Amino acid sequence: MAEVIRMPKMSDTMTEGVIASWLKKEGDKVSSGDILAEVETDKATMELESYEDGTLLYIGPKKGDTIPVDGVLAIIGKDGEDIADLLEEIKGGGKPAAKEEPKKEEEKPVETKPAASREEAPAKPAVDVSSIKANIIRMPKMSDTMTEGVLVNWQKKQGDKVKSGDILAEVETDKATMELESYEDGTLLYTGVKEGESVAVDAIIAIIGEEGANYKALLEAASSNNQSREENAQTDEDIEARADAVTSDKVEETKVPGPESAAPSEGDASSENGRIKASPLAKKMAEEKGYKISQIKGTGEGGRIVLRDIENYSPSAAPQEAASKDKAAVPQIATTPGMPSEEYEEVNVSQMRKVIARRLSESLFTAPHFFLTMSIDMDKAMEARVSMNEVSPVKISFNDLVIKAAAAALRQHPAVNSSWLGDKIRYNKHINIGVAVAVEEGLLVPVVRNADFKTISAISAEVKDLGGKAKSKKLQPAQMEGSTFSISNLGMFGIDEFTAIINPPNACIMAVGGISQVPVVKNGEIKIGNVMKVTLSCDHRVVDGAVGSAFLQTFKNLLENPVRILV
């Protein structure tokens with residue numbers, strides 16, 4: 001049955017998107033996870049992913065067209081399927097989902113290839129939802145890296161009246177805690193997610209419609225049409241049929257270990273007829289992590305092992321029988337009384353940490369880094385800071401002075417304020433400085449925009465505000481995008497000197513150490529001086545050694561004579 005693909009809300013402020021390019025054309029076979037198109041939003045160019053398997057039967061907008069959120073983009077269905085009625089309704093301005101068409105519901109459900117060991121299950125009759133005046137609310141993709149979100153709290157409760165623009169809930173993504181906005185007027189008939197639960201992108205979280213509408217029938221229709229959408233938890237027969245159609249390599253079945261290995265318990269519903277019931281995505285992730293899938297308990301339909309089971313599995317919780325067997329086989333090592341046992345704890349990698357790992361690995365292994373270190377006399381900067389704080393409305397830190405001096409130096413050395421784009425180099429005329437902020441889960445880089453035009457006290461107030469939002473997970477994606485140069489300061493942790501990995505697409509990042517009292521030579525005499533070391537990491541594809549050195553020399557002169565920053 002054909003599915004309508006609509007323009008998703010890819011950021012909290014997005015109202016429309018521009019089709020930058022189509023990566024598939026009409027008639028192409030597509031699988032769940034394939035990239036259909038690139039969409040330019042108000043913040044970035046992002047990839048539009050398919051959540052359906054089938055043939056791309058219809059493409060509406062052309063390259064360069066602007067489409068509002070929830071506007072029709074394409075239709076995916078069976079090869080040769082008649083979508084004339086669906087196209088007529090779309091052109092008439094209606095918003096029917098393919099699953100809601102009465103005509104389509106009268107057709108026979110698509111049959112899937114039966115497994116040899118099972119009898120064909122009877123098809124469920126389609127549910128008529130055409131007269132139900134209610135709409136399903138799904139988890140939107142709130143950032144380009146988001147795959148799931150945690151529903152932090154509901155701002156509305158079941159039975160409340162809501163209007164378009166009202167905030168339904170707060171959702172924690174891999175980057176920030178964001179507000180989920182309603183685009184419908186009506187009554188909140190159903191909330192399917194509890195506070196604190198994790199929800200996959202495009203999963204059902206609520207239903208809004210007329211008071212008294214039969215939302216249960218709507219849920220039943222959605223469930224029968226695309227059961228366990230976010231986990232690919234369809235029946236084994238359906239998965240095997242679709243896998244044969246989209247790949248030449250048939251999915252291998254995982255066999256239960258023989259008598260020589262630990263057998264699964266009799267009550268383990270994930271094993272049937274000597275075969276483990278698991279989604280292909282779960283099998284793939286288990287193989288990547290090195291887990292024995294036979295030791296993992298499934299929580300999907302019929303005990304099926306799905307993605308969340310792999311993510312929540314801890315090897316330390318393996319069956320006790322296997323542990324006992326290993327202990328019996330390995331000689332025990334004598335220990336001293338009071339000596340702690342060898343223990344460890346493994347936790348799943350957070351979404352934020354995954355993004356940090358991917359982006360910094362790409363940066364370090366792709367961009368040829370080189371490093372320039374310079375010592376800066378901070379005596380006059382310390383004196384100037386005391387004078388500034390006597391009149392400043394906010395307390396100015398040394399980091400605020402560093403940001404302002406870096407912005408002023410970048411204005412004199414535009415080559416450092418640049419980006420490598422593969423076949424071209426972008427020289428940014430604006431100066432937006434990213435300031436690395438450590439949070440509990442990892443690292444965020446909020447951006448101080450047009451830093452060269454702002455006063456030191458304005459920079460100080462903005463950095464404090466952004467830092468507070470970062471630590472409370474209130475930063476919006478727009479506040480972390482668009483940096484042209486980055487600064488990482490570990491001086492407050494007692495670090496004298498370090499190197500930092502470039503934050504793409506920036507060409508440089510400056511690592512700032514702490515101020516130390518060391519012997520220095522002044523006017524031929526050895527005195528105690530306050531010295532700060534900075535190290536500039538440069539992308540050699542864009543910035544050469546002489547260019548980076550000239551920038552650092554200007555930066556050093558500005559901090560050693562702070563009055564020049566204000567000129």
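Everything numeric in this text was worked out from a predicted model, so none of it was measured. No hydrogens, no waters, no symmetry mates; every other heavy atom, side chains included, goes into these values.
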Within a reach of under 6.0 Å around CD of Glu211, are more than 12 heavy atoms found that belong to other residues, nucleotides or ligands?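 It does not: Glu211 CD has 12 such atoms or fewer within range.
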
So do the side chains of [X] and [Y] get within less than 4.5 Å of each other, counting heavy atoms only?
X: Ile136; Y: Arg138; value: yes
X: Ile205; Y: Thr191; value: no
X: Leu151; Y: Glu195; value: yes
X: Thr173; Y: Met178; value: yes
X: Ile19; Y: Leu73; value: yes
X: Ile208; Y: Ile137; value: yes
X: Val437; Y: Lys471; value: yes
X: Leu86; Y: Ile75; value: yes

Is [X] reaching over with its side chain to a backbone N or O of [Y], donor-acceptor style, under 3.5 angstrom?
X: Glu40; Y: Val18; result: no
X: Asn417; Y: His430; result: yes
X: Ser472; Y: Gly468; result: yes
X: Arg426; Y: Trp420; result: no
X: Lys404; Y: Asp452; result: yes
X: Lys454; Y: Arg449; result: yes
X: Glu197; Y: Lys194; result: yes
X: Glu81; Y: Ala2; result: yes
X: Asp309; Y: Thr299; result: yes
X: Trp22; Y: Pro61; result: yes

Judged by modelled atom types alone, do [X] and [Y] share a side-chain donor-acceptor pair under 3.5 Å?
X: Ser21; Y: Lys63; value: no
X: Thr484; Y: Asn428; value: no
X: Asn432; Y: Ser483; value: no

Value rounded to 0.5 Å, distance of NZ in Lys283 from CD in Glu287: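 Rounded to the nearest 0.5 Å, the NZ-CD separation comes to 10.5 Å.
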
One pair to check against side-chain hydrogen bond (donor to acceptor under 3.5 Å, both in side chains): Ser50 and Asp34. What are the steps and the verdict? CA-CA 6 Å; Ser50 171; Asp34 285 356; over 6 Å; no

Evaluate Asp28 against Lys25 for salt bridge (charged side-chain N to carboxylate O under 4.0 Å, His left out), listing each step before the verdict. CA-CA 6 Å; Asp28 283 357; Lys25 60 182 183 296; 3.5 Å; yes

Going through the checks in order, is the side-chain hydrogen bond (donor to acceptor under 3.5 Å, both in side chains) test met by Glu170 and Asn153? CA-CA 6 Å; Glu170 289 186 338; Asn153 62 69; 3.0 Å; yes

Which heavy atom of Ala436 sits nearest to which heavy atom of Leu443, and what is that distance?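 Smallest interatomic distance, heavy atoms only, reads CB-CD1, 4.1 Å.
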
Begin with the C-alpha distance, continue with both residues' side-chain angles, and end with the deciding distance and a verdict on salt bridge (charged side-chain N to carboxylate O under 4.0 Å, His left out) for Asp160 and Lys157. CA-CA 6 Å; Asp160 283 359; Lys157 61 181 183 292; 3.6 Å; yes

